[in-house]
Novice: 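Following this message is one structure expressed as structure tokens.
Convention: sequence-line order gives letters A, B, ...; per-chain numbering from 1.
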Protein chains: 2
Amino acid sequence: MEKDTEQQILEAARKIFQKQGFAGARMQEIADAAGINKSMLHYYFRSKDKLFQKIFQEGVSRFFPLIMRVLNADKTLEEKITVLVQEYLDFLRVNRQLPHFVIHEMNQHPKRFREFMDEKDMEIPSSFVEQVLEAVHKGRIQPVTPAQLLVNIISLCVFPFLAQNMVMAVMQMDEEQFDEFIEHRHKELPTFILNAIRTS
Amino acid sequence: MEKDTEQQILEAARKIFQKQGFAGARMQEIADAAGINKSMLHYYFRSKDKLFQKIFQEGVSRFFPLIMRVLNADKTLEEKITVLVQEYLDFLRVNRQLPHFVIHEMNQHPKRFREFMDEKDMEIPSSFVEQVLEAVHKGRIQPVTPAQLLVNIISLCVFPFLAQNMVMAVMQMDEEQFDEFIEHRHKELPTFILNAIRTS
DNA sequence: GTCTATATAACGATAGAC
DNA sequence: GTCTATCGTTATATAGAC
């Protein structure tokens, strides 16, 4: 065996669940992808549901830390926006299926998701909130709530990956051109956002 | 019978497929939702796959016309942006499940989707493209490609609905507060975007 | 721990009576 | 057109040998 069997299974489950979702995934496919017998899945994780929970919670957990870290960092508001966009786009570039997986399954099991999130009580880092409120108060940026600004930033980063096939179809792109499209956002998106909120 | 049986089925299929996706939907559920026998589904549509195609193509077809109509209208660039945001948010407000459904199934069947889109050869309306290029050339707006600008607009409109449960969890909102959150975007998003591209 | 074989239930789809 | 009954297949899950 190259690796621990449990790890082999988790890797395979990640791959299949992320691509096909819970309802579309077959235990047999996961077993094949892991190169092991189907029975082993149940031996290690008891049920499809339990195996899925592991993968889903792991996925959700990977979605937010980068955002929280940057918004908590010792930076100016403008620096945080710039760094967040750049680092998050880099993250999404190597985790292209993650947003779609998390959003799809979150919408299939909203309650379960809400409970999981409430346990981990994620909140918008207060230092970011205060920076926005202060900048607005001093008239340095347009009046915007921290929540709206953050949702705008994440929307602009994540949506193009969710809608990749749509963008490629409408804009008549191939995969290479789409990568260039994202590369371009890497450079221009921070400016776009900073312009949107500047008052001067 | 209140309505035509075929229509009853299509309504039920719309509801179930949009909520649970192709893989998660059960023919029995659709039959129950339509208040008819399971056999009738096959009598009218032959197979689950054929029934799904109808619903999916109908869904895709509803996603774009509003965008195209506004971008083609006899308006200035600034008016188009403002009207597009407002009308599209209104459309999404009463079609909340549509973006998630279309994006999910598009990602499950990229080829089938691409072929369908290529048939209908949707393109960005040339009048919008020319307006952006000219405004950039004259220095009236920041240098931005029509494609990037359009993706930014659609991202800012659609993503919050896709991520509704995520936003509600992180921001500790209930449904009512989320509706207010969207209502707020209705007012502020056009300004946000116009600010982002203005040069003056 | 890992395999084969199988239990059990659900699914899509069809046949045939009315 | 609409129903009941059922076919054939596939899914998750388990039992039991090794």
Novice: Is there a donor on the side chain of S39(B) or the base of dT4(D) sitting less than 3.5 Å from an acceptor on the other?
Specialist: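 For S39(B), whose side chain was compared with the base of dT4(D), there is a donor-acceptor pair (under 3.5 Å).
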Novice: Please enumerate all residues that pass side-chain hydrogen bond (donor to acceptor under 3.5 Å, both in side chains) together with R46(A), with sequence neighbours excluded.
Specialist: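 Scan of R46(A) (side-chain hydrogen bond (donor to acceptor under 3.5 Å, both in side chains), adjacent residues dropped) gives none.
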Novice: H109(A): which residues meet the side-chain hydrogen bond (donor to acceptor under 3.5 Å, both in side chains) condition with it, sequence neighbours left out?
Specialist: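 side-chain hydrogen bond (donor to acceptor under 3.5 Å, both in side chains) list for H109(A), sorted by chain: empty.
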Novice: Without decimals, in angstroms, what is the distance between M40(B) CE and dA5(D) P?
Specialist: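 Answer to the nearest Å: 17 Å.
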Novice: With side chains defined as the heavy atoms from C-beta onward, is the minimum distance between R185(B) and L89(B) less than 4.5 Å?
Specialist: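 Side chain of R185(B) against side chain of L89(B), heavy atoms only: contact under 4.5 Å found.
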Novice: Measuring from the side chain of K38(B) (C-beta onward, heavy atoms only), which nucleotide among dA13(D), dA11(D), dA13(C) has the closest atom?
Specialist: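 Nearest listed nucleotide: dA13(C).
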Novice: Give me the residues of residues 44-54 of chain A where at least one heavy atom lies under 4.0 Å from an atom of DNA chain D, by number, or none.
Specialist: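 Of all residues in residues 44-54 of chain A, the ones placing a heavy atom under 4.0 Å from DNA chain D are R46(A), S47(A), K48(A).
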Novice: Taking only residues two or more places apart in sequence or in another chain, which ones pass ring pair (Phe, Tyr, Trp, His ring centres under 6.0 Å) with F161(A)?
Specialist: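 If we apply the ring pair (Phe, Tyr, Trp, His ring centres under 6.0 Å) test to F161(A), skipping adjacent residues, there are no hits.
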Novice: Looking at dA13(C), I'd like to know if its phosphate oxygens (OP1 or OP2) sit under 4.0 Å from a side-chain N or O belonging to H42(B).
Specialist: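 Yes.
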Novice: What pairs with Y43(A) under ring pair (Phe, Tyr, Trp, His ring centres under 6.0 Å), at least two apart in sequence or on another chain?
Specialist: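 For Y43(A) there are no ring pair (Phe, Tyr, Trp, His ring centres under 6.0 Å) partners, ignoring immediate neighbours.
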Novice: Taking OH from Y43(A) and P from dA17(D), how many angstroms apart are they, rounded to a whole number?
Specialist: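 Interatomic distance, OH of Y43(A) to P of dA17(D): 17 Å.
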Novice: Could you pull out all residues at least two apart from Q7(B) that satisfy side-chain hydrogen bond (donor to acceptor under 3.5 Å, both in side chains)?
Specialist: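 Checked Q7(B) against side-chain hydrogen bond (donor to acceptor under 3.5 Å, both in side chains); zero matches.
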